[in-house]
Amino acid sequence: MFRAPFWRAVAACAVIAISLVVTFNAAPRLGLDLRGGTQLVFETKDSPTVKADAAATDRAINVLRQRADALGVVDPTLVRSGEKRIIVELPGVLDPRQAAEVIGRTAQLAFHPVLGAAEQGDGTAVRDENGQPLKLGPAAITGDGVSDAVESSDPQRGPGWWVSLDFRDAAAWQKLTGEAACHPQGDPQRRVAIVLDKETISSPPMDPSVPCGAGIPGGRADITGSFTHEEARDLAVLIKGGALPVPLDLVEQRTVGPTLGAAAIKASAEAAVAGLILTAVFIVAVYRLAGLLSVIALLCYGAISYAALVAMGATFTLPGLAGFVLAIGMAIDANVLVFERAREEYQQSPRRGLRSALDRGFRNAWSAIADSNVTTLIAAGLLFWLASGPVKGFGVTLAVGVLASLVSAMLITRVLAHAVIGRIGPRLSGLGSAGAVRTWLTRRNPQLMRAGKVWLAIAGTIAAVAAAGLAARGLNVGVEFTGGRLVEFATSRPISAEAAGQAVSRAGFPAAVVQVNGDGVSVRAANLGIEEAARIEQALEAQAGEVTKTREEFIGPSLGEELRRNALIALGVAVAMQLVYLAARFRWTFGAAAVLALVADVIVVAGLFAWLGKPIDGVFLAAMLTVVGYSVNDKVVVFDRVRELWTARRGEPFASAVNGAILQTMPRTVNTGLGALFILVALMFFGGDSLRDFAVALVAGIVTGTLSSAFVAGPAAILLGRFDRRPPPQPAAPRERKVRTGSGAVL
């Protein structure tokens, strides 16, 4: 006989065991914003002979990987994004000038015979390393003809470094040098020009010992010059890596120091511990033993989601960590839905016992749990497909968190509750009483929907104030969407915003946006290059003592436009998909009411950021789309109960069903919202600036989303219901048992 509880227990133990094994045996992969390093985003361009397609981009990645390996970068990451974009992550490389110069240089190497000196002003001439113009012949050897290149030094040959080359075709090199050696000493034609990216890096003359026509045998040569070790190494890396098949444009650059990453990890860990403790205490206080079981399941949820992310090879970024911490608070939602439904079932039929009430709670809450999680997965999918960079990682974290919460609530919590509930008294279980919030609502039975038009007017006024902030102050759009460079500095002495602005102006950037926060200064400008950033750093040192660059981002205008477009598309598609899903799952009036309330939530949060002057960046986009998922999640729970009551209370007005659904789901809404708010408050207190802004957006979104479910979506559904001509849903017909005829014997 199939024993569902037994097999659920086996499945739960297997999931927990696998998660623990992965957790203790696999190390997480940290993003650059947590471990320090440089991220470069290149975009391939068409050359006169090669089209920049996916195949050419893949070949370029191979060349870049050889250069990164030759530089000694530990665990570099190079991936293709789309058809023409390459994302390069270089852990530990904190000098963006070196990274961009060595990694992204075209590196078209060629060895040319010198035809003679050129006249000044000759447009076809190439200047040698001393600035003298030379007339060069066609390339005799290209970079493909070099088999190896390595930096070398020898104290017996004197100080300095040079680059030793090995040629694949020794005869070609011998022929080139042999022809040059036939010219007299001092003649420019006795030289061989080594040209890298149309710039002569060396043009040595042939030694008098090289015989005419015989040349230099063995296929070896040295590029000499006044090289430091780093210069010789970088040149060898470029030559050995070979030429890129297509030119590259640097469209984005991010540099972050490891101290910022360590602080972010510490802040997220502190927030996770504090938020988990607060949430656990709250849930146990409300649901007693059932709450304690859900806390155990919550710990299992954390292990499952973490193990899943590690096993997938997902990169933990700053927004991803914030999403992971936030998901701890949201994971309790499914448990709260089940427990509140079990309380209702027990109040209606106490004689059937606690275990029966709990089973009915799991069964009847599944519809709302499934619908709400689908809407959140829609938001996570949009983050993954439409966003980029760390926000994409946030989408992965959110999706994994949703799936792990389902396993935690519907499997692990159910196994634990089935083993305990029914063997203890109703009071200790926490499911025997209706709860303080439900008891108060039942006794008062407020008719909220009688003032539906008043609530809509108040909501419209709040949205108008938020929209006024958008119109009057505008959005402080970050460099991620506008293009440009953002540099953050840590200073040893405090500096005022006025003094910092004057220092940046003296450095040549009077129009730059300068912000001061504690012992840090951030500078954002559209035409801020790497050299200019170094100049600003020197200007700040005169006012603020020792200055250390902690973070740097560069985004080209084309990429900024693309990110801005994708952000709008993500929000638009999110709203459209929520409407389609709700219309298909419920009614078009429910979907339209939910989307109307959702638009109000988005306007309020965006208006709040406009009034506060907070930055609109990728982290804000992650928060906004999370607000979208949370808001619709809450409205799905309400409308699921509206449909149930409307079906059961046939003959009563639709407004009565809406009012009853809001009152019945209020305990779940309050408990779930408080669980998430504990985590967010912890992020606000322990997190840095990025985490704090993230938490502010989500606190505002959760509060407005919760209120709009009752005071915007509910009244709007009642008003729109006048245009819905379909009759109320019919209750499900009872199943008819088939009467078996005959004995069933076969002759």
Side-chain angles (χ1 to χ4, degrees), residues 36-43 90 93-105 131 197 199 228 230-231 234 248-257 259-260 473-561 563-564 613-618 689-690:
T38 296
Q39 181 191 67
L40 306 172
V41 180
F42 295 101
E43 191 169 1
L90 306 174
V93 177
L94 301 179
D95 186 354
R97 288 175 290 185
Q98 178 206 25
E101 174 68 18
V102 177
I103 294 296
R105 195 168 178 178
D197 289 345
E199 179 182 347
T228 64
E230 290 76 14
E231 291 171 342
D234 293 347
L248 298 180
D249 277 354
L250 182 65
V251 296
E252 179 181 355
Q253 171 203 314
R254 300 175 189 271
T255 302
V256 59
T259 55
L260 177 62
R473 296 177 60 91
L475 293 175
N476 180 20
V477 182
V479 66
E480 189 168 351
F481 297 120
T482 61
R485 190 178 297 272
L486 171 67
V487 187
E488 294 183 357
F489 303 97
T491 60
S492 60
R493 296 199 306 264
I495 183 173
S496 65
E498 182 180 0
Q502 292 175 355
V504 174
S505 297
R506 286 194 300 270
F509 296 92
V513 177
V514 181
Q515 294 178 325
V516 176
N517 182 16
D519 56 353
V521 178
S522 67
V523 181
R524 174 163 57 92
N527 298 316
L528 186 61
I530 298 176
E531 299 293 340
E532 291 78 5
R535 195 162 69 241
I536 291 176
E537 183 175 353
Q538 295 176 357
L540 289 174
E541 286 180 346
Q543 300 287 333
E546 183 180 354
V547 176
T548 304
K549 183 168 60 179
T550 59
R551 178 183 173 215
E552 183 173 354
E553 293 186 16
F554 165 75
I555 297 182
S558 62
L559 184 61
E561 181 182 355
L563 291 173
R564 191 166 56 248
K614 290 188 173 295
I616 305 298
D617 52 12
D689 292 336
S690 297

(request) Of all the heavy-atom pairs spanning A533 and V487, show the shortest one and how long it is. (result)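 Looking at all heavy atoms of both residues, the shortest contact is CB-CG2, 4.0 Å.
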(message) For E541, give me all partners under side-chain contact (heavy atoms from CB on, under 4.5 Å), at least two apart in sequence or on another chain.
(response)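 Here the qualifying residues are E537, V547.
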(request) Report the C-alpha distance between L486 and S522 in whole Å, list the side-chain angles of each, state the deciding distance to 0.1 Å, and finish with yes or no for side-chain contact (heavy atoms from CB on, under 4.5 Å). (result) CA-CA 7 Å; L486 171 67; S522 67; 4.3 Å; yes
(message) Check whether D249 reaches the backbone of E43 with its side chain - one donor and one acceptor, N or O, closer than 3.5 Å.
(response)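 It does not hold such a pair.
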(message) Does any part of the side chain of I495, heavy atoms only, come nearer than 4.5 Å to the side chain of V521, both counted from C-beta?
(response)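 V521 vs I495: side chains touch.
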(message) Taking the side chain as everything from C-beta on, heavy atoms only, tell me whether L250 gets closer than 4.5 Å to V41.
(response)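 They are not in side-chain contact.
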(message) As an exercise, state the distance from OG1 of T548 to CG of L540, rounded to the nearest 0.5 Å.
(response)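 The OG1 atom of T548 sits 11.5 Å away from the CG atom of L540.
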Acceptor/donor pairs from residues 499-512 side chains to any protein atom, 3.5 angstrom cut, sequence neighbours excluded:
unit_1	atom_1	unit_2	atom_2	d
S505	OG	G501	O	2.9

